[in-house]
Every structure is written in C-alpha cells, then in structure tokens.
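Take this structure, written in structure tokens, and hold onto it; I'll ask about it next.
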Amino acid sequence: MKNSAVGPLHRDCGSLHPQDEGTEVEIRGWVNSTRDHGGLIFVDVRDSSGIAQAVADPRTAPEAAAAASSLRSEDVVALRGAVRRRPTGTENPKLTSGDTEVALDSVSILNRSLTPPFPVHGEADVEEGLRLKYRYLDLRRPHMQRNLALRHRAIKAVRDYLDEQGFLEIETPMLIKQTPEGARDFLVPSRLHGGQFYALPQSPQLFKQLLMVAGFGRYFQIARCFRDEDARSDRQPEFTQIDLEMAFPTIEGVIAVVEGMLAHMFRQALAVDVGAPFRRLSHADAMARYGSDKPDLRFGMELIEVTPAFEGTQFKVFAAAVQAGESIVGVVDEGGAARSRRDFDALARVAAEWGAKGLAWIAFTPDGLKSSLPKAALETQTIDRLGALTHAKQGDAVLMVAAERTEARTLAGKMRLHLAAQNNLRDARRFEFCWVLDFPLFEINPEGGIGPMHHPFTAPAVGSESLPGDPLSLRAQHYDVVLNGSELGSGSIRIHDAALQRRIFAMLGYPEDEVAERFGFLLEALAFGAPPHGGMALGVDRIVQIMVGAESIREVIAFPKNQRFQDLMMQAPARVPKALLDELRLRVDLPPAPPVSQRS
RNA sequence: GGCGCUGUAGCUCAGUUGGUUAGAGCGCCUGCCUGUCACGCAGGAGGUCGUGGGUUCGAGCCCCAUCAGCGUCGCCA
C-alpha cells in the first residue's frame with residue numbers, strides 16, 4: 001500500500017520501525033485488542049500489513065485517552081501520534097513493529113463494530129458454518145489473509161511465467177451449450193429464447209482447441225469451471241483451473257512448460273525449490289507400485305505382489321484366492337509389529353469399509369510371529385518366501401489383501417496411505433511431484449461399455465493410429481501431474497484430424513447424428529486446417545491448498561460454498577420471484593415457498 | 001442419495017444413574033488499575049439446552065421424527 005493513497009501521514013501498521021522515532025504518523029485499521037490500565041491505555045491496531053501498538057496517556061492527551069478507552073474489537077479507527085521507541089524491556093518480538101509504539105494525540109473513530117460473533121484476532125477454532133456465514137470477518141483473520149495473499153502470488157507467478165513463455169491469456173464464454181456427458185451441467189435459462197438453456201462450462205476444453213485452430217499458438221486462462229455434481233468435502237461447484245494449450249506440441253514440450261510453471265509458482269509464492277524435472281511413472285507402474293494413479297511419493301512403502309509366497313498355503317482364504325487367479329498384495333508397515341491386536345483389528349475394519357474381504361497381517365516381533373493367519377498356515381517356507389519378497393525386518397508387519405489384481409492393488413494402496421498417515425509420513429511441508437504417463441485411452445464404464453479414460457478428444461499414442469482390435473489395449477497421449485498423492489492436473493495431445501476424431505466417437509458408440517448435433521462445429525473446425533495441439537488443465541484451488549498445508553480447499557477460496565454447495569452468507573441458492581420465472585417461461589414443480597419470515 | 005459425528009450462553013466446551021436454581025473459560029457490561037501485549041482485580045448481565053412429538057411424577061440426559069453443520073461413501077470424461 002502506498003502511503004500517498006490514503007494521506008500524507010499514513011503508515012502501514014506493520015511498517016513502523018525505530019528509525020521512525022519522532023515522526024508524526026497516522027495508522028488506520030481495526031482495533032485488534034485494547035488493554036486499559038486506567039492511567040494508560042494500549043490499543044493494538046491491525047491492518048493488512050500487521051499490528052501496531054498505540055498508547056494513550058490521560059495526563060497528556062485526555063481526549064484521545066477517553067476515546068481510546070471506548071474502543072472495542074473491530075472498531076475502525078485512524079490514530080495519530082508520534083512514533084517512539086518502547087521502553088527497554090517492553091518490546092514485543094511477536095510484532096514486526098514491536099520495538100515501537102505510537103504516542104496517541106488523537107483518535108478518530110471511523111466506524112464502530114458490533115461485537116463480532118467470533119474472535120477475529122488470533123486463530124481460535126470456530127465452527128466452519130459460522131465462519132462461512134460471516135465470511136467477511138473470517139477473511140479478516142490473519143491466516144486467511146495469508147492464504148489469499150499466497151494464492152494471489154501463485155496465480156501472478158503463473159501469469160508472469162506463461163507470458164514470458166509466449167502464452168496469451170484469452171477469455172472464453174461462460175454461457176455455452178449443454179453437452180450430455182461428463183459431469184452434470186449447470187443450466188442458465190434464456191429469457192430471449194424461452195424454453196432454451198445455456199450451460200456453464202465444465203472447462204474451456206473445446207474453446208481452447210478452437211483457439212488452436214484459430215492460430216493462437218500458445219493460449220492460457222485462469223478459468224472458472226462449473227460442475228453440478230453431488231457435493232463432496234473437497235469439491236466446489238465452481239472452481240478455478242489454469243488452462244493452457246499449445247499448437248505443434250510434443251508431450252515433452254508440454255511437460256517442460258508445466259514443470260517450469262509449477263517451479264516458478266512454488267518459488268515465487270513459497271520460496272520453495274520443487275526440484276524439476278519431476279519423477280515419471282507409467283500408469284501401469286503407478287498402479288502396481290502404489291495402487292493409485294496419483295501416488296504419494298513422500299515415502300516408500302511400495303506395494304509388493306506376495307502371491308508367490310502363498311502357493312500351496314494351508315490358509316484357505318489365500319489358497320482359494322490363488323486358485324481363482326486373484327492377487328495377494330502386501331505392504332510393509334515399518335515398526336508395525338509393535339501394534340496391538342486391537343490396532344490390527346481396527347485396520348481390518350477400515351479395509352472392510354473400503355470393500356476388502358479381509359485384511360491379513362503377519363508381525364515379525366522379537367518374540368516370534370504374530371498373525372491373523374492360523375498357525376498351520378505359517379509354514380517356514382511361506383514365511384521365508386514372504387520375507388524374501390517384502391524385505392520385512394524384525395519389528396515390521398506385513399499387511400495383505402487378496403482380490404482381483406487391480407482391486408487388490410487399489411486396496412493395498414489405500415492401506416499404504418492410511419499407514420503412512422498414522423506413521424506421520426505425510427509431511428505437509430514436503431512437495432514430491434511426479435508425472436504419470438502412458439494411460440490407457442479407454443476404460444470400461446459402469447454400463448460395461450467402453451468410455452474415454454479422460455475425454456474423447458485425447459489422441460491415441462503414436463503408433464496406434466491404425467486403431468487395432470482391442471480398444472482397451474490402446475495407450476493415450478495423456479499425462480497427469482501429481483503432487484503428494486493429489487492429481488494437480490491432467491492433459492493430453494488432442495486429436496487434430498477430423499477423420500480420427502470421428503473414428504474415436506464411433507468406437508465410443510456415439511450415434512452419428514448425435515455426434516453431428518453435439519460436436520459438428522468441432523469436427524468442422526478440425527477439417528479447416530487444425531494444427532496438432534495439446535495442453536493441460538491444473539486445479540488452482542488444490543495447488544494452493546497443498547502450498548499452505550490447509551485441510552480443505554475452502555481455506556484458500558475467498559467465498560466458498562459449504563459441503564452442500566450453499567452460500568451460507570448470501571443464502572444461495574434461493575427461490576426467485578414468480579415474475580422472474582414467468583419471464584423465463586419456467587414453472588417450478590414444488591409447493592409454494594414458505595414466507596421469508598419462517599426461514600432462519 | 002447412503003452412512004457416521006455434532007448441535008447446551010455471542011464463541012469454545014463441560015454437564016454424573018433421568019431429580020432442587022444448567023456450569024466453566026473467553027467475549028460483553030460496570031468499576032478499579034501507569035508498561036501491558038491472551039494485562040490484572042472486583043462485580044454484573046446473558047440460556048425456547050437446534051426444532052417438533054413421545055415415555056416419565058419429573059427430560060439437557062431416554063425414544064421417534066425433523067432441521068442444520070461437519071466428515072465419509074456413491075457420483076464426478
């Protein structure tokens with residue numbers, strides 16, 4: 001904040017230093033707290049730069065002291081006086097201005113505040129619903145100020161970096177056309193075209209492809225996206241993406257840009273060096289070693305296929321699993337032999353909640369083996385083979401699940417994360433990035449047909465243009481960037497050939513007339529000299545959340561919705577007057593709204 | 001949509017086996033206090049115990065329903 005913006009004497013609270021001694025200043029801000037000693041009144045004033053202490057002495061400035069003693073938390077004040085050093089021994093090292101104070105000459109009260117519903121100063125724990133209802137007060141709290149300032153710096157770093165790399169920021173429309181697949185769309189009724197609707201974009205995907213066709217070789221946007229899906233704790237109906245796209249790209253080219261961008265973000269916003277280039281894993285590798293396509297690489301604990309150890313086992317459950325061609329996947333819990341039977345039982349219950357049929361465990365204690373398996377199943381041969389496969393040491397425990405291979409890996413992968421959390425291995429101050437590559441192009445959807453793993457515009461891997469018989473064997477030119485077990489972003493080289501795009505739509509079973517209706521403009525655009533293109537989209541909210549180590553993305557969004565996607569401050573969504581509905585030619589199939597007075 | 005946890009003063013919470021007038025800390029109000037910074041001291045106000053119903057001589061506590069907040073799963077190219 002420049003001083004000239006608010007008056008010649010004005011100084012930021014956090015900026016006062018001993019060198020200012022004797023200077024007449026004015027500080028403006030909110031009353032953080034007051035300490036009235038009768039003969040001396042201290043007022044702590046907070047602005048966005050920090051806190052300054054002002055002192056009123058009734059003997060030298062009776063009017064100012066009287067006003068100061070009337071001040072209460074969150075009153076807005078402008079205080080004038082001379083800066084002076086605090087008496088030796090009374091400095092406050094917790095404040096940047098803590099060596100100084102302002103000797104009050106005058107107090108002007110710019111606005112009184114009601115008693116706030118929760119303390120604004122400090123970091124008191126307050127129920128989130130209340131914080132959201134009074135979000136403007138919650139945002140006044142120092143940690144929210146810090147979070148949003150960091151978010152600003154992160155986004156600014158993106159703009160600076162991509163600008164430097166020759167990217168243009170181009171806006172795309174918010175009122176677009178509904179498409180039936182993917183997530184549900186938010187609809188916006190059209191008044192001018194009664195009975196017709198716009199949709200809010202789930203992402204600028206199609207528009208950025210069209211910008212490539214248009215010849216903007218490098219595009220980006222800090223784009224708001226909307227998805228009308230069921231609420232989940234870490235989801236918002238509207239969220240922000242860094243959306244970028246390049247013409248004539250290679251996967252390596254996109255990866256280099258995004259790595260550079262993320263490194264710049266972390267350097268500028270956090271002063272952290274993230275160590276690019278990032279590690280890389282194939283999708284198959286990630287699944288095999290971590291049971292997830294977004295592995296948390298802050299710790300090892302790789303999954304181990306232990307099926308061979310149980311060939312010919314007496315343990316009926318595993319014998320049956322091996323017989324059925326299932327896999328037994330294990331994870332080593334270092335030091336886990338110290339767990340109590342109760343502990344293991346609790347882990348088994350957690351695994352059951354995830355859908356595991358059971359959780360087997362063997363603990364290598366100093367007093368010998370402890371296990372959920374029957375004694376008869378703990379043949380020396382089995383134990384030796386298990387030890388050789390897992391490298392479990394004395395004091396460790398091996399936890400195992402048996403299931404169809406992918407499912408077993410997924411379950412073991414969840415257990416890996418669960419154990420790591422219990423063992424405090426998920427350190428929020430560490431940032432382990434990786435790329436996941438070589439995704440399948442298609443996957444089996446719940447109806448049993450094939451669907452796109454990501455979206456239908458992803459180009460097949462080089463060499464598979466002929467699209468051979470088994471669609472599930474096709475690889476995609478797709479890449480995810482992952483941080484600490486969270487997918488930050490996902491991108492691909494797109495299909496730029498209209499004929500190939502048609503073939504992919506056909507393989508997905510989209511009827512031809514539907515394709516024409518929904519994607520006709522895209523196919524047409526591709527046919528007018530679309531360049532090869534590809535890009536990526538990254539979730540800003542998630543990135544910033546991880547940067548600040550917050551529990552929820554709501555901690556890094558200024559005005560988020562609650563878990564039911566409602567705005568507790570404005571009370572949105574809300575019913576609207578019937579006249580508005582009439583204008584839109586809409587009729588609502590609900591009983592009449594209750595009178596407003598009955599609602600909270 | 002399912003499941004779980006929570007709901008008591010402005011805030012954060014305690015509240016015994018169902019039993020007299022429902023408590024604490026902070027905040028708020030009043031007074032005192034010249035070096036505090038979570039100032040201190042003394043006094044005071046403040047409660048439809050989320051809401052509705054039920055059981056009971058008696059319900060903050062037990063039962064049913066409902067609302068809200070949070071968490072979690074389904075869902076989310």
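Quick note: numbers below take in every heavy atom, side chains included, and nothing from hydrogens, waters or symmetry partners. Lettering follows sequence order; numbering is per chain, from 1.
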Answer with yes or no whether A:Arg184 presents, from its side chain, a donor or acceptor under 3.5 Å of a partner atom in the base of B:rC76. no
If you check every side-chain atom of A:Arg35, which of B:rC11, B:rC39, B:rU72 has the closest atom? B:rC39
Classify the nucleic acid contact of A:Arg518 as base, sugar-phosphate or nothing, counting any heavy atom under 4.0 Å across all strands shown. nothing
Rounded off to whole Å, could you give me the CG-to-P distance for the A:Leu104 and B:rU36 pair? 18 Å
Among the candidates B:rC33, B:rC70, B:rG35, find the nucleotide nearest to the side-chain atoms of A:Glu128. B:rC70
Assess whether side chain to side chain contact (heavy atoms under 4.5 Å, CB included) is satisfied between A:Glu245 and A:Arg494, documenting all intermediate values. CA-CA 10 Å; A:Glu245 195 82 0; A:Arg494 328 294 182 186; 2.7 Å; yes
On the 0 to 90° scale, with breaks at 30° and 60°, tag the A:Tyr136-A:Tyr134 ring pair as parallel, tilted or perpendicular. perpendicular
Quick note, A:Thr115 side chain, CB onward, closest among B:rU36, B:rC28, B:rU12 is B:rC28
Please verify the inter-ring angle class for A:Tyr510 with A:Phe519; under 30° counts as parallel, over 60° as perpendicular, anything in between as tilted. parallel
Measuring only the C1' atom in each nucleotide, how far is B:rG60 from B:rA14? A whole number of Å is fine. 12 Å
With the six-membered base ring of B:rC11 as reference, does the ring of A:Phe118 sit under 5.5 Å away with planes under 30° apart? no
What's the CG-P distance between A:Asp125 and B:rG71, to the nearest Å? 13 Å
When you measure from the side chain of A:Ser33, which nucleotide among B:rU36, B:rC39, B:rC11 comes out closest? B:rC39
Return yes if the base of B:rG35 and the side-chain atoms of A:Glu101 contain a donor-acceptor N/O pair under 3.5 Å, otherwise no. yes
Check whether the aromatic ring of A:His37 stacks on the base of B:rC39, taking stacking as ring centres less than 5.5 Å apart and planes within 30° of each other. yes
Starting at the 5' end of RNA chain B, write a dot or bracket for each base, bracketing those in Watson-Crick or G-U wobble pairs whose two distances are under 3.5 Å and using | for partners on another strand. (((((((..((((.....[...)))).(((((.......))))).....(((((..]....))))))))))))....
For A:Ala56 and A:Ala68 the tightest heavy-atom approach is CB-CB, 4.0 Å
Between B:rC39, B:rA38, B:rC76, spot the one nearest the side chain of A:Lys94, thanks. B:rA38
What contact category does A:Pro87 fall into here, base, sugar-phosphate, or nothing, at under 4.0 angstrom with non-hydrogen atoms? base
Of the nucleotides B:rC70, B:rU12, B:rU30, which has the atom closest to the A:Arg72 side chain? B:rU30
Distance criterion of 3.5 Å, no angle test: do you see the side chain of A:Glu353 paired donor-to-acceptor with the base of B:rU72? no
When the C1' atoms of B:rC61 and B:rC73 are compared, how many Å lie between them, rounded to an integer? 32 Å
With distance as the sole criterion, do the side chain of A:Asn92 and the base of B:rC37 form a donor-acceptor contact below 3.5 Å? yes
Rounded to whole Å, the NE2-C1' distance (A:His121 to B:rU12) equals 14 Å
Check this for me: does the side-chain of A:Arg86 come within 3.5 Å of the base of B:rC37 through a donor and an acceptor? yes
When rounded to the nearest Å, what value does the distance between P atoms of B:rG23 and B:rU16 take? 14 Å
Go through A:Asp44 and A:Arg35 one step at a time and tell me if the salt bridge (charged side-chain N to carboxylate O under 4.0 Å, His left out) criterion holds. CA-CA 9 Å; A:Asp44 285 354; A:Arg35 293 172 294 283; 3.0 Å; yes
Upstream residue (5' side of RNA chain B) when A:Gly129 and A:Glu229 are each assigned their closest nucleotide: A:Gly129
Evaluate A:Ser15 against A:Arg11 for side-chain hydrogen bond (donor to acceptor under 3.5 Å, both in side chains), listing each step before the verdict. CA-CA 7 Å; A:Ser15 75; A:Arg11 289 288 300 273; 3.3 Å; yes
Base B:rC70 paired with A:Arg554 side chain (donor-acceptor, <3.5 Å): no
From B:rG71, B:rC76, B:rC37, nucleotide with atom closest to A:Ala183 side chain: B:rC76
Would you state whether a donor and an acceptor, one from the side chain of A:Asp230 and one from the base of B:rG74, lie under 3.5 Å apart? yes
